[in-house]
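Below, chains carry the letters A, B, ... as their sequence lines are ordered, and counting in each starts from 1.
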Amino acid sequence: MAYLEMIQLALRSAVSKPVTSRYPFGPRRVLPRSRGRVEFAKESCLYCNVCAKRCPTDALMVNRKEKQWIIDRFRCITCGACVEICPKKSLTMAADHQQPASQRGTETY
Amino acid sequence: MSALSKSPWVIHYDASSCNGCDIEVLACLTPGFDVERLGVVNTGNPKHADIFLVTGAVNEQCREVIRTIYDQMPEPKVVVAVGICAATGGIFRECYNVAGGIDSVIPVDVYVPGCAARPEAIIDGVVQALGVLEKKQKERAWVRN
Amino acid sequence: MNPWLSALLYILAAPVVGGLLAGCDRRLSARMQSRPGPPLVQPFYDVLKLGRKENVVARRSQNHYILFFLLLVVFTGGLFFAGADLLLVIFALTLAAIFFILGAYKASSPYSFIGAERELIQMMAYEPMVLLTAVGMYLVTRSFAVADIAGHPALLVTSLPGVFLGFLYALEIKFRKSPFDLSSSHHAHQELVRGITTEFSGPALAMIEVAHWYENVFLLGWVYLFFAAVPWLGLLAALLAFVAVILVDNVFARLKWQTALKGAWLVTLVFGFGNILALALFAPEKHQARPAPVAVAVADPSGEKPAEH
Amino acid sequence: MATTVIPFGPQHPVLPEPVHLDLVVEDERVLEARPSIGFVHRGLEKLAETKDFVEFTYVAERICGICSFIHAQTYCQAIESLLHVAVPPRAAYLRTIWGELSRIHSHLLWLGLMADAMGFESLFMHSWRVREKVLDLIEATTGGRVIFGSCKIGGVRRDIDAEAGASILRELEGMEADLHRITKVFLDDSSVKSRLCGVGVLTTAQARDLGCVGPTLRASGVAQDTRQEGYAAFGDIRVEPVTRTAGDSYARCAVRCEELFQSVDIIRRAFARLPGGPVEVKVTGNPSGEVIARTEQPRGEVIYHLKATGTKFLQRFRVRTPTFANLPALLSVLPGCELADVPVLILTIDPCISCTER
Amino acid sequence: MRRPLGGRCIESKGQRLLNIILALILVPLAAGAGMLFFRNVIGRRILAIAALLAVAGLCGALAWAPAPNGAVTLPASPHAISLVLLLAGSAISVYLFIVGWRRRDPLLVLLVLAQAGLTTWFELGPGAHAVAAQPLYVDRLAVIMALINGLVGGGICLYALGYMREYHETAHRDVPDRRPLFFALLFGFLGAMFGLVFANHLGWLLFFWELTTLCSFLLIGYTQSEEARRNARLALVMNLSGGLAFAAAVAWLYRETGVIELQAMLAVTDRAFVLLPAALLCFAGITKSAQLPFSSWLLGAMVAPTPVSALLHSSTMVKAGVYLVLRMAPLIAGTGVGLMVALVGAVTFVVASFAAITRRDAKRVLAWSTVANLGLIVLCGGIGTAEAVWAGVLLIVFHAVAKGLLFLCVGVVEHKLHSRDIEAMAGLVQRMPRVAVLMQVGMAGMFLAPFGMLISKWAVLKAVVDASPVLSVFIVFGSAATLFFWVKWMGKLVEVVTPAEPVAREADLGEAVALYGLGLATFLACLLFPLISSRLIVPYVAGVFGPTGALMGQGNVIIMVVMMALVLLFPVAFLDRGRGVRTAGAYLGGANVAGSMQFRGLAGTVQDVAIENYYLRGVLSEDWLASRGVMTATVLLAVMFILARP
């Protein structure tokens with residue numbers, strides 16, 4: 001019977017545990033290489049501006065005078081170009097994703 | 001929590017996205033994430049929807065489409081801009097045919113970052129939208145009385 | 001039971017039962033797709049939410065039709081559970097469906113229009129089988145009254161197996177389930193968007209939803225009739241029929257209207273009509289209750305009151 | 001004479017991407033389908049003239065979110081040949097592996113959408129359930145689910161270590177069983193067949209004349225696959241095009257189903273022969289000259305045409321996407337079909353509007 | 001009950017009844033003759049209204065006449081009248097012969113000659129001394145038929161006054177104005193119909209039968225266009241063949257049994273003698289009621305002005321056919337002939353119902369629907385049980401009212417919108433709201449619970465299941481098809497894709513009176529259904545079949561009434577005028593051009609949404625259905641005659 005395969009598939013699924021992730025009621029499954037969000041370590045930063053230059057979407061801004069590192073999370077494509085180029089490894093890629101917001105704006109560190 | 005936030009029906013429209021966020025929105029519905037746990041139904045019809053998930057930046061041609069869909073949704077309604085293009089135009093910001101984020105056409109209530117926005121981020125966005133929905137419903141009831 | 005009482009019980013309990021059934025449906029479907037699905041009471045959330053939403057329409061009077069759709073569906077189910085005439089129940093249900101369809105026509109949008117046309121095609125597909133079911137039940141019990149049919153001492157399904165199968169087929173169509181979710185689908189991705197319900201929003205959509213609950217309970221009640229002689233078996237059969245409908249929903253692609261229509265008619269002819277033919281051929285003494293027409297000579301041409309002459 | 005005229009799209013639940021068709025139907029038979037496009041046009045080709053060619057890799061990758069990796073790969077190949085750079089063999093193999101993973105994910109995505117277009121929701125769910133497994137492999141190796149961000153000019157940005165490679169192969173093993181189960185439903189189920197067989201037939205001649213590419217072309221019996229050209233590691237790993245002769249929707253579905261297994265096989269072979277060494281070479285200078293690069297995307301052959309004048313901006317950037325090549329085929333099979341077939345037919349060419357309109 | 005004055009009382013009652021009946025037959029005939037002499041509109045109008053008022057009054061008198069049952073004694077010698085009728089009949093034959101001769105139509109000539117020959121042979125030979133003691137006879141079936149004819153037919157004539165004026169003065173200027181003839185025929189038709197239902201003498205019945213054939217021939221050919229002439233000829237040929245069968249039946253019956261009266265025929269105990277004449281009369285009935293294989297004449301008759309169609313379909317012509325079949329019911333019930341007649345009806349019902357789905361011409365859909373419903377009645381007649389006959393008579397009543405109303409509505413719409421295409425009726429609720437509502441009432445009356453036709457359908461189904469359950473399969477499929485074409489038409493009326501201005505004046509006074517009258521009648525027929533059933537139909541059925549049990553339970557009647565009340569509440573819902581809702585454009589995939597039913601399509605051009613109903617092309621085709629139906633029905637009729645062989 002040509003219908004049996006699907007009936008089997010449906011019934012087998014019905015009696016086995018769903019594959020669904022528990023999120024948001026449980027923790028998110030995180031893979032180590034996941035590109036979630038760029039994190040900034042203020043201590044080691046030289047404010048050399050290389051990351052901002054490299055950023056393909058101009059999401060980064062470095063203010064050398066005020067010692068500010070500014071990121072627009074709503075421009076960042078988490079490509080990781082800044083992380084790769086950073087001479088002092090002040091930038092890292094965290095696996096967890098950036099939270100949604102009701103306002104968009106920049107984050108200043 | 002009223003029934004309103006337990007039954008968010010969504011409509012998805014691809015303004016001018018690269019598909020990345022769109023397939024992630026769809027992925028939210030599938031067994032891996034199953035947002036129907038939250039009562040989410042993808043209606044595909046503005047007249048049934050509570051949450052408008054828009055992906056992609058606005059280009060000149062889809063401006064009116066977004067407006068129409070938004071107008072046809074019954075109150076209370078929430079707009080969630082999924083992905084950075086929908087928020088700011090993202091990587092396509094400088095393209096000649098891109099007018100900017102969704103908020104240049106209709107009011108946006110929740111911005112979901114990411115390129116492409118992860119399903120988890122979209123779920124967070126929807127959850128956040130539920131709060132906005134509740135608030136709008138209260139305002140509506142207040143205005144009516 | 002007192003007919004009024006059972007009708008009242010239906011009117012009060014059907015939304016609850018129907019809603020829970022809808023919840024089971026969604027959960028079970030989800031499990032068959034290896035996902036957990038929504039909470040059991042999700043349909044109630046949906047309806048409560050819809051009730052509080054804004055009512056957006058394409059044409060001002062379109063919702064009146066929906067109100068009457070709901071009223072008539074409730075009326076239909078009430079009739080059924082009060083034990084009234086099965087044919088009248090079917091006619092009332094048809095009337096209800098027609099209000100629904102006219103509402104969709106009234107909305108005048110291409111998608112609701114095609115939904116309405118397809119709904120009509122579906123009606124044309126299942127109506128013969130539904131009527132034949134009533135005919136089959138009549139042939140066995142000699143009554144169209146649901147009360148009499150329910151009180152029949154023997155299991156109806158033993159003499160009406162074909163009709164029962166045909167009725168299950170019609171049930172799949174009436175439940176608007178795949179492969180017959182032509183006019184409007186529970187599933188999001190459909191060429192008709194939401195088909196016949198496309199233009200109804202908020203409270204009107206809630207009414208449609210509740211009407212479907214009422215309708216479903218009534219239809220499962222009909223499944224019960226086939227087994228009414230053994231009540232627990234009847235309940236079990238109704239439940240199994242419901243599960244079967246959901247399983248079928250999940251293992252079929254949507255058919256095209258031509259295939260759906262021809263298929264339904266074929267099933268009606270083969271199972272429904274075949275069963276009735278068999279009943280008529282092999283059990284003639286049962287339905288020749290009425291004697292041959294009164295001898296012609298009795299008819300008095302001079303009128304009905306011969307005494308006055 | 002009144003016939004029914006239905007606006008189909010741009011917002012429509014069976015269309016993940018906005019296009020618009022004015023469908024003129026009689027009963028439900030489509031008499032005429034008039035397309036209108038431009039809802040996703042952004043102007044990426046023009047952007048290349050003002051964006052650094054290295055940074056533009058990220059933009060090229062976002063021409064389309066489904067076949068993103070192969071777009072980036074094609075772009076890099078084009079630039080590399082302008083710069084006369086040869087990528088290290090390991091990088092070529094890694095590109096092949098990721099390319100095929102993305103083909104599997106794309107085909108599974110397509111199978112799911114196809115199932116849904118036929119109103120077969122649970123099959124959609126199961127296809128996407130399996131697809132999640134592929135996405136996990138992709139995310140584990142590249143860090144992204146749909147946008148890989150792993151290709152760069154001169155090689156790739158990340159390596160797959162032996163352990164990850166082994167786990168990929170293990171996963172593929174389990175996935176293959178799932179794939180068998182799902183493709184069996186697509187190929188054997190009677191209700192699916194009733195929706196696909198004989199719908200939207202493209203004869204070999206038609207497919208050729210209309211310039212179809214990819215599975216659409218191969219389903220009409222033309223054994224043509226750009227991977228035979230031997231880009232990336234395909235010089236070592238020979239690929240026999242999967243073909244069918246019927247040219248209907250079922251054939252297109254069957255081609256894609258078989259290509260799933262073909263891709264799994266390619267990945268296995270690639271891992272088996274994966275050479276060692278670096279995964280990138282240092283690239284200096286600006287591109288100059290004119291080049292054409294071709295690769296086989298899940299949807300068919302994509303052609304990049306680049307012109308550069310030695311500055312860091314390209315002078316001309318032009319993409320001929322597979323969907324663009326297949327659209328005429330779609331428009332030629334739509335008239336005469338049923339309304340219910342419209343989503344099926346739209347999907348059988350596996351349209352990627354985002355690629356097409358850029 | 002033996003009061004001393006009883007005899008006289010009955011005598012005077014009989015006298016009054018006789019007067020009513022004679023007046024009913026003669027007033028329309030006289031008015032018809034008078035019409036020929038009135039050239040001016042006003043005079044014609046006055047005469048027509050006077051005649052119609054008289055007919056209506058007489059109908060009322062007939063309805064309230066006590067115990068309208070039994071034979072009526074004539075003042076003059078039946079012989080003399082027979083002679084007059086014979087002469088008139090011969091005149092008809094001569095006229096038709098001339099027509100046939102002038103048109104070089106061998107078939108027509110042959111039919112006329114055959115019938116004339118048969119009649120002449122009969123009148124000079126065996127039938128020369130046929131004496132009918134009771135040439136006229138009234139029972140409740142006759143009363144019902146007379147009431148339908150008088151009230152519905154009268155309404156149609158009233159409507160025709162205004163309609164024909166507009167027909168000639170604005171809508172169809174090309175058609176030669178022959179209104180005197182038209183109205184003469186219309187009234188003549190009514191008179192012939194009255195004669196037909198009251199006649200007991202089969203020779204008289206045959207005369208009136210042929211008179212309706214003649215009138216319909218002339219009316220269908222009224223416009224004298226090529227098509228009209230062709231279709232009129234078709235109708236004539238088919239009905240003449242029925243008439244020939246009728247004449248043969250009369251001759252055979254008299255020769256074999258010496259019976260020349262209808263009632264006496266029904267009283268013949270040995271069925272072997274009457275089965276063949278009964279079959280022949282059923283054949284005649286089937287031709288007249290346009291059953292397959294003879295449906296084409298009724299469809300062709302649509303070329304005539306709408307009042308003609310309305311008259312043919314609702315109250316006269318075709319109803320004469322089913323009337324005769326129902327009269328034959330006791331004779332053929334339970335025989336092979338009965339089964340064949342029932343099958344012809346059943347097949348016709350299914351084929352016609354499905355054929356109606358495929359058409360978009362409103363009048364053609366109505367025509368198919370008439371054919372279908374007559375099929376149901378013929379089915380009832382063929383089954384011939386008390387229950388079935390009861391259902392059949394109910395069908396006649398409800399169908400006449402609702403179908404009359406529908407035709408009149410279509411006529412009005414055709415004049416205002418210059419089209420009778422159902423697709424052109426889109427948004428009729430906005431353009432002609434009153435007519436649209438009336439039309440929907442008519443449609444509801446045709447197929448919707450709790451309206452009349454559905455009561456009848458309930459009855460038919462029950463009767464069929466009781467008698468021969470296998471036949472029920474025809475009813476269930478036919479009903480499903482009926483549903484489809486009516487609902488899609490109703491839907492067309494309510495949908496408003498492109499808003500349009502209302503038409504200035506929907507109908508003139510006469511038309512409006514007829515429309516509202518029939519609309520009201522559709523409701524009244526349903527509300528008064530228990531009364532109609534208990535006062536007229538049940539006594540008739542009891543008279544023929546002996547006392548019967550309750551044909552429809554009290555409970556069901558109550559349910560119907562409750563349902564009717566629910567439906568009547570529906571207009572109330574409109575009183576709120578849609579408060580509490582917000583209108584937004586219809587869903588057009590987001591491509592709406594703000595606030596309208598237009599969308600941005602190909603290359604940004606603004607396009608209109610258009611909606612056209614389904615006609616199930618590719619699944620159903622009228623030609624295929626009709627040709628198969630004709631074949632099947634022909635075979636069935638052939639079998640019928642074989643079975644009727646004595």
Side-chain angles (χ1 to χ4, degrees), chain B residues 1-13 22-23 25-53 68-78 119 123 130 133-134 136-145, chain C residues 19 22-23 25-58 62-63 104 107 109 111-112 115 184-206 208-209:
Chain B
M1 291 277 273
S2 73
L4 191 64
S5 55
K6 298 213 161 161
S7 154
W9 289 4
V10 304
I11 177 173
H12 159 236
Y13 182 67
D22 305 306
I23 57 179
V25 167
L26 273 187
C28 287
L29 303 165
T30 59
F33 302 93
D34 188 28
V35 281
E36 207 189 351
R37 289 175 297 149
L38 308 174
V40 171
V41 172
N42 181 15
T43 64
N45 174 2
K47 307 209 163 171
H48 295 183
D50 309 303
I51 298 181
F52 188 11
L53 295 177
T68 304
I69 296 173
Y70 182 74
D71 283 344
Q72 289 186 346
M73 286 171 63
E75 295 283 352
K77 54 191 169 192
V78 175
I123 293 175
L130 297 180
L133 213 50
E134 285 285 335
K136 286 197 174 175
Q137 174 72 347
K138 281 203 190 91
E139 278 164 17
R140 223 179 126 236
W142 188 78
V143 167
R144 259 204 307 213
N145 296 335
Chain C
D25 171 10
R26 282 176 70 177
R27 241 186 125 73
L28 197 57
S29 289
R31 289 307 303 269
M32 287 181 184
Q33 300 163 357
S34 73
R35 56 196 180 88
L40 202 59
V41 290
Q42 186 63 42
F44 296 106
Y45 291 143
D46 290 348
V47 163
L48 287 176
K49 172 203 76 175
L50 287 172
R52 293 179 60 196
K53 295 272 292 185
E54 189 186 22
N55 210 336
V56 175
V57 296
Q62 67 184 47
N63 287 349
S109 113
Y111 288 94
S112 72
S184 75
S185 176
H186 305 275
H187 311 315
H189 292 202
Q190 217 234 12
E191 65 267 19
L192 290 193
V193 190
R194 303 307 276 187
I196 190 165
T197 65
T198 302
E199 298 298 336
F200 298 102
S201 67
L205 192 60
I208 294 174
E209 206 54 42

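In this structure, C:Lys53 forms no cation-pi arrangement with B:Trp9, as its terminal cationic atom is not both closer than 6.0 Å to the ring centre and no more than 45° off the ring axis.
Pairing each heavy atom of B:Glu36 with each of C:Arg35, the nearest pair is OE1-NH1, 2.6 Å. Summarising the geometry of B:Pro31 relative to C:Ser34, their closest heavy-atom pair is CB-O, 3.5 Å, with the distance given to 0.1 Å. When every heavy atom of C:Gly37 is checked against every heavy atom of B:Asp34, the shortest pair comes out as N-OD2, 2.9 Å.
At a 4.5 Å heavy-atom cutoff, the contact between C:Leu48 and chain B is made by backbone and side-chain atoms alike. Heavy atoms of C:Phe200 lying under 4.5 Å from chain B belong exclusively to its backbone.
Note that OG of C:Ser109 is 7.0 Å distant from NZ of B:Lys47, once rounded to the nearest 0.5 Å. C:Arg52 contributes atom CZ, which lies 8.5 Å from atom CZ of B:Arg140 (distance to the nearest 0.5 angstrom).
Using a distance-only test at 3.5 Å, with no hydrogens or angles considered, a donor-acceptor pair links the side chain of B:His48 to the main chain of C:Thr197. Of the possible donor and acceptor atoms, none in the side chain of B:Asn45 sits under 3.5 Å from a partner among the backbone N and O of C:Val193.
Each of C:Pro38, C:Pro39, C:Pro36 was compared with B:Arg37 under the side-chain contact (heavy atoms from CB on, under 4.5 Å) criterion, and only C:Pro36 meets it.
Between C:Arg26 and B:Val41, the closest side-chain pair of non-hydrogen atoms falls below 4.5 Å.
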